[in-house]
Amino acid sequence: MNKFKQCAYTLLLLFTCFIASPFIIHRIWKTSAFAEKPAASAPLVVEKQDKTEEASVPDSQSETLPEGTALATTADGETQNEAAETTAVPAQPDIFAESDLAYFDDALFIGDSRTVGIKEYGDFKSSDFFCTEGLATDKINQTTVDGKTFDDFIDLKQYGKVYVMLGINEVGNDHEYVLTSYRAIIEKLKVHQPDAIIYVQANLHVTSYAENGVITNAAIDDINNGIASLADNKRVFYIDINELYNDEYGYFNQSYTNDGIHPMGMYYTQWCEWLCTKTVQKDMIQTSTETAE
């Protein structure tokens, strides 16, 4: 009987050493390896944030990607710095000057949820807004805001300035297709708003924890580069809000956001103040053109 118990214990010991131990070690390694980086599904459409809400990193994200969004592929093991520095966005021209809030009285803002934030929390109370959460370039003609279509808005009156900020909801789609749709919007604005200065705005970066297989700052920069190419610096101008909100690594600074994608409500006033420093006057455009000639 003693020999039988001895054999049984020996077999149990061998099983533990050769079968169970590798599995246990693997589980310990896997748990520790992924515990370092918070998991997030990176929403593209997020509800508006409270104006007085304090900044914090969420434990999880529950929003889903818009229907029809394709997954973008990224290299595994990419570091944060590599992701932020993959694509350089073109420098902005030296034509910008500072204006007061009255500059935006004859402005139309077109955009998604971030533009909704400017509308609700910003200082441009006399501006018009065609914006809604999840707005995309290829859906703009099928979208209504306050019962009006995009065509209704741009035929409503003649604007002095039009601001466009789109693309984040399509960052996982084919970028050439997105830019084709974006270009069509700009060309339409030129026809319907012949006297307006058009500003194409870069898409805001996301925080490091908001990046995933679809949303990355490298992909956002690629979209932004395409948007920048639409600017002729005569009538269409590119402005990049990321210079205001980026941290030292090129990510959206976590102190400004609760979801990694949108500024908290209290920081939209800061956004508006920044826009006041990126204005173009028509006489400045004329002088710049004459100098170039």
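Heavy atoms only: backbone and side chains are in, while hydrogens, waters and symmetry mates are out.
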Next item on the list: Check whether any side-chain N or O of Q281 sits under 3.5 Å from a backbone N or O of S99 as a donor-acceptor pair, and report yes or no.
Entry: no
Notebook entry, point to check: Do T143 and N141 get their side chains close enough for a donor-acceptor pair, meaning under 3.5 Å?
Noted result: no
Note to self: With rounding to the nearest 0.5 angstrom, report the CG to SG distance, L101 to C272.
What the structure shows: 8.0 Å
Notebook entry, point to check: Could you give the distance from OH (Y209) to CZ (F252), rounded to the nearest 0.5 Å?
Noted result: 8.5 Å
Margin query: Just to verify, what does Y199 make a ring pair (Phe, Tyr, Trp, His ring centres under 6.0 Å) with, not counting sequence neighbours?
Written below: Y163
Checklist line | Side-chain heavy-atom pair T277, F96 within 4.5 angstrom cut-off | finding: no
Note to self: Pair L230, R183 - check side-chain contact (heavy atoms from CB on, under 4.5 Å), show working.
What the structure shows: CA-CA 7 Å; L230 302 177; R183 187 176 294 105; 3.6 Å; yes
Check: If you take all heavy atoms of A202 and M165, which pair is closest and at what distance?
Finding: O-CE, 3.0 Å
Checklist line | Sidechain-backbone polar pair: R114 side chain, L166 backbone, donor-acceptor under 3.5 Å | finding: no
Next item on the list: Go through the steps for T149 and D151 under the test side-chain hydrogen bond (donor to acceptor under 3.5 Å, both in side chains), then give the verdict.
Entry: CA-CA 5 Å; T149 65; D151 284 350; 5.3 Å; no
Notebook entry, point to check: Which heavy atom of V214 sits nearest a heavy atom of V171, and at what distance?
Noted result: O-CG1, 3.8 Å
Notebook entry, point to check: Y177 and V200: same hydrophobic cluster, using ILVMFWY side-chain contacts below 4.5 Å?
Noted result: no
Notebook entry, point to check: Backbone N or O of I154 within a donor-acceptor pair of the Q193 side chain at under 3.5 Å?
Noted result: yes
Notebook entry, point to check: Just wondering, do N224 and N242 contact through their side chains at under 4.5 Å, heavy atoms?
Noted result: yes
Next item on the list: Measure the spacing between CD1 of I140 and OG1 of T137 and express it to the nearest 0.5 Å.
Entry: 8.0 Å
Check: How far apart are the C-alpha atoms of T279 and K161, what are their side-chain angles, what is the distance that settles it, and do they pass the side-chain contact (heavy atoms from CB on, under 4.5 Å) test?
Finding: CA-CA 10 Å; T279 65; K161 305 96 190 176; over 6 Å; no
Item checked: I168 and I223, any side-chain heavy atoms less than 4.5 Å apart -> no
Note to self: Determine whether a donor-acceptor pair (N or O, by modelled atom type, separation under 3.5 Å) exists between the side chain of E211 and the backbone of V206.
What the structure shows: no
Note to self: I need the F150 CZ to Q142 CD distance, nearest 0.5 Å.
What the structure shows: 12.0 Å
Margin query: Nearest 0.5 Å, please: how far is CG in N169 from CD1 in I215?
Written below: 8.5 Å
Margin query: Is any side-chain heavy atom of Y267 closer than 4.5 Å to one of Y245?
Written below: yes
Next item on the list: Indicate yes or no: does D240 engage K278 in a salt bridge with an N to O separation below 4.0 Å.
Entry: no
Item checked: Minimal non-hydrogen separation, A210 against I261, with atom names -> CB-CG1, 4.3 Å
Note to self: I'd like to know whether V145 forms a side-chain contact (heavy atoms from CB on, under 4.5 Å) with F129, so could you lay out the CA-CA distance, the side-chain angles of the two residues, the decisive distance to 0.1 Å, and finally the verdict.
What the structure shows: CA-CA 9 Å; V145 174; F129 289 84; over 6 Å; no
Margin query: Within the structure provided, determine whether Y268 and P263 are in side-chain contact (heavy-atom separation under 4.5 Å).
Written below: yes
Notebook entry, point to check: Any idea which heavy atoms bring G250 and N246 closest together, and the distance?
Noted result: O-OD1, 3.6 Å
Check: Going by atom types only, do S113 and H262 share a side-chain donor-acceptor pair under 3.5 Å?
Finding: yes
Next item on the list: Check Q254 against S208 and note the closest heavy-atom contact, atom names and distance.
Entry: NE2-OG, 3.7 Å
Item checked: Test item: N233 side-chain N/O and F237 main-chain N/O as donor-acceptor pair under 3.5 Å -> no
Note to self: I'd like to know if E170 pairs up with K139 as an ion pair, taking the criterion as any Lys NZ or Arg NE/NH1/NH2 lying under 4.0 Å from an Asp or Glu carboxylate oxygen.
What the structure shows: no
Note to self: I need the Y103 OH to S127 OG distance, nearest 0.5 Å.
What the structure shows: 11.0 Å
Check: Residues two or more places apart in sequence or in another chain: which of them pass salt bridge (Lys or Arg N to Asp or Glu O under 4.0 Å) with E273?
Finding: none
Margin query: Just by distance, no angles: are the side chains of T115 and Q201 close enough, under 3.5 Å, to form a donor-acceptor pair?
Written below: no
Check: Under 4.5 Å between any side-chain heavy atoms of V191 and E187, yes or no?
Finding: no
Check: With a distance cut-off below 6.0 Å to the six-membered ring centre and an angular limit of 45° from the axis, does K119 pair with F109 as a cation-pi contact?
Finding: no
Next item on the list: Answer with yes or no whether the side chains of Y159 and D128 bring together a donor and an acceptor at under 3.5 Å.
Entry: yes
Checklist line | Residue pair D232 / R235, side-chain heavy-atom distance below 4.5 Å | finding: yes
Item checked: Under 3.5 Å donor-acceptor, D146 side chain and K148 backbone -> no
Notebook entry, point to check: If we only count heavy atoms from C-beta on, is the V178 to D138 side-chain gap below 4.5 Å?
Noted result: no
Notebook entry, point to check: Is it true that a side-chain atom of K125 and a backbone atom of G122 form a donor plus acceptor pair closer than 3.5 Å?
Noted result: yes
Notebook entry, point to check: With distance as the sole test, does T257 use its side chain to make a donor-acceptor pair with the main-chain N or O of N253 at under 3.5 Å?
Noted result: no
Item checked: Which atom of V164 lies closest to which atom of Y182, heavy atoms considered -> O-OH, 3.3 Å
Next item on the list: Applying side-chain contact (heavy atoms from CB on, under 4.5 Å), run through L189 and I110 and close with a yes or a no.
Entry: CA-CA 11 Å; L189 287 171; I110 299 166; 4.1 Å; yes
Next item on the list: Taking atom types as modelled, find out whether D221 and H205 have a side-chain donor-acceptor pair closer than 3.5 angstrom.
Entry: yes
Check: Aromatic rings F124 and F104: how do their planes relate, parallel, tilted or perpendicular, breaks at 30° and 60°?
Finding: parallel
